[in-house]
Amino acid sequence: MGALPTTGLMTVADFEVLAEQSRSRLELIDGVVREKPVPNARHRQIQYNLYDILKSNLKPGYRAAMELEFRPTTDESSLPRVDVAAVSITRFEEATVAGYLVGAPELVIEVVSRSNTATDLNGRRRLCLRGGCQEFWLVYPDDWSVQVWTPDAVGRDFNEADQIRSSLFGTDKVPVSQIFA
């Protein structure tokens, strides 16, 4: 994800005007406009798999979403877009009135692609966890693995033979292999 040349830091209001005029997938992070590459077919398939997994396993009162934009705080400098998320239905309905979800989704899942840098991914994780995210997942298609982060713990690694239990799921565990099927 590269930063686009702009004159100075942008606010969300300025960004909205730019995003409407652009054919690119854009997001705003700390006042800097970034272009997100269009996902390839494999990336998109994993997003759909994750969305279906969430729809089937979330506790009542939560909704799955793809390509969700949110304001991590009430500041005017960031409007990130996440691959897949889970949000309480109450917060999701409030977002449809306000225009954006304020605060990070309860669960954020990013499918890692070659264009992602470690710095970008670490920054996104910190941004989401500071914004109220309960779980942050990094999904690695190349080696069929997942890292799960929570605000109070270091990341846990899962491989294709493992199962992930989430505080947002009922009693079910999700086989990591199902993410990549």
Side-chain angles (χ1 to χ4, degrees), residues 12 16 19 25 27-29 36 39 42-75 78-113 116 120-141 144-181:
V12 169
E16 289 173 331
R25 295 174 67 237
E27 66 180 355
L28 183 67
I29 306 292
K36 288 188 80 165
R42 179 70 177 140
H43 184 111
R44 187 67 79 190
Q45 181 60 52
I46 292 169
Q47 280 183 283
Y48 287 130
N49 291 350
L50 287 161
Y51 178 80
D52 290 343
I53 289 167
L54 291 183
K55 281 183 62 172
S56 299
N57 290 286
L58 285 172
K59 291 178 183 176
Y62 289 91
R63 168 177 243 158
M66 283 181 42
E67 297 293 328
L68 181 68
E69 292 179 318
F70 70 95
R71 306 240 333 247
T73 63
T74 56
D75 75 24
S78 294
L79 191 62
R81 177 191 309 251
V82 297
D83 287 333
V84 183
V87 182
S88 76
I89 290 173
T90 302
R91 291 184 65 221
F92 195 86
E93 289 171 352
E94 290 170 357
T96 60
V97 173
Y100 297 106
L101 182 69
V102 176
E106 284 85 340
L107 170 62
V108 170
I109 304 174
E110 287 292 330
V111 180
V112 178
S113 57
N116 296 122
D120 288 339
L121 294 171
N122 286 331
R124 182 171 297 272
R125 176 179 49 83
R126 286 191 301 273
L127 180 73
C128 290
L129 292 173
R130 276 195 318 261
C133 180
Q134 296 171 22
E135 293 181 31
F136 182 87
W137 295 16
L138 288 175
V139 175
Y140 293 90
W144 286 38
S145 68
V146 179
Q147 285 183 328
V148 176
W149 299 82
T150 58
D152 59 347
V154 296
R156 292 192 51 214
D157 293 316
F158 297 89
N159 64 43
E160 66 181 296
D162 295 327
Q163 295 186 349
I164 300 174
R165 180 180 300 252
S166 170
S167 63
L168 299 176
F169 294 167
T171 58
D172 296 331
K173 295 179 183 177
V174 172
V176 171
S177 61
Q178 187 177 355
I179 294 169
F180 303 101

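These numbers come from the heavy atoms of this one structure, side chains and all, not from hydrogens, waters or symmetry mates.
Below 30°, between 30° and 60°, or above 60°: for Phe180 and Trp144 the angle between ring planes is below 30°, a parallel geometry.
The OH atom of Tyr100 sits 8.0 Å away from the CZ atom of Arg71 when rounded to the nearest 0.5 Å. Going from atom SG of Cys133 over to atom CZ of Arg124 covers 11.5 Å, rounded to the nearest 0.5 Å. Here Trp137 contributes atom CH2 and Asp83 contributes atom CG; the two are 13.5 Å apart, rounded to the nearest 0.5 Å. Interatomic distance, Glu94 CD to Ser88 OG, rounded to the nearest 0.5 Å: 7.0 Å. Here CG of Leu138 is found 8.0 Å from CG of Asn122. Values are rounded to the nearest 0.5 Å. Atom-to-atom distance recorded for Ile109:CD1 and Leu50:CG is 4.5 Å, nearest 0.5 angstrom.
For the residue pair Leu68 and Leu101, the shortest heavy atom distance occurs at CD2-CD2, 4.0 Å. The shortest non-hydrogen separation linking Pro72 to Pro80 is CD-CD, 3.7 Å. Nearest heavy atoms, Leu129 versus Phe136: CD2-CB, 4.3 Å. Nearest approach of Phe70 to Gly103, heavy atoms of both residues: CD1-O, 3.6 Å.
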Test log, rule side-chain contact (heavy atoms from CB on, under 4.5 Å), inputs Arg91 and Glu106: CA-CA 10 Å; Arg91 291 184 65 221; Glu106 284 85 340; 3.0 Å; yes
Please test Glu135 against Arg165 for salt bridge (Lys or Arg N to Asp or Glu O under 4.0 Å), starting from the C-alpha separation and ending with a verdict. CA-CA 11 Å; Glu135 293 181 31; Arg165 180 180 300 252; over 6 Å; no
Could you go step by step and tell me if Leu107 and Gln134 meet the side-chain contact (heavy atoms from CB on, under 4.5 Å) rule? CA-CA 6 Å; Leu107 170 62; Gln134 296 171 22; over 6 Å; no
Carefully, step by step, assess Arg44 and Gln47 under the rule side-chain hydrogen bond (donor to acceptor under 3.5 Å, both in side chains). CA-CA 5 Å; Arg44 187 67 79 190; Gln47 280 183 283; 3.2 Å; yes
Would Val176 and Ile164 count as a side-chain contact (heavy atoms from CB on, under 4.5 Å) if you check the C-alpha gap in whole Å, the side-chain angles of each, and the deciding distance to 0.1 Å? CA-CA 7 Å; Val176 171; Ile164 300 174; 3.8 Å; yes
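In this view, Phe158 satisfies the ring pair (Phe, Tyr, Trp, His ring centres under 6.0 Å) rule with no residue, not counting sequence neighbours.
No side-chain heavy atom of Ser166 sits under 4.5 Å from any side-chain heavy atom of Val174.
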Under 3.5 Å donor-acceptor pairs involving side-chain atoms of residues 53-66, not counting sequence neighbours:
unit_1: Ser56; atom_1: OG; unit_2: Asp52; atom_2: O; d: 3.1
unit_1: Asn57; atom_1: ND2; unit_2: Ile53; atom_2: O; d: 2.8
unit_1: Lys59; atom_1: NZ; unit_2: Ser167; atom_2: O; d: 2.9

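Other residues, nucleotides and ligands contribute at most 12 non-hydrogen atoms within 6.0 Å of the CZ atom of Arg156.
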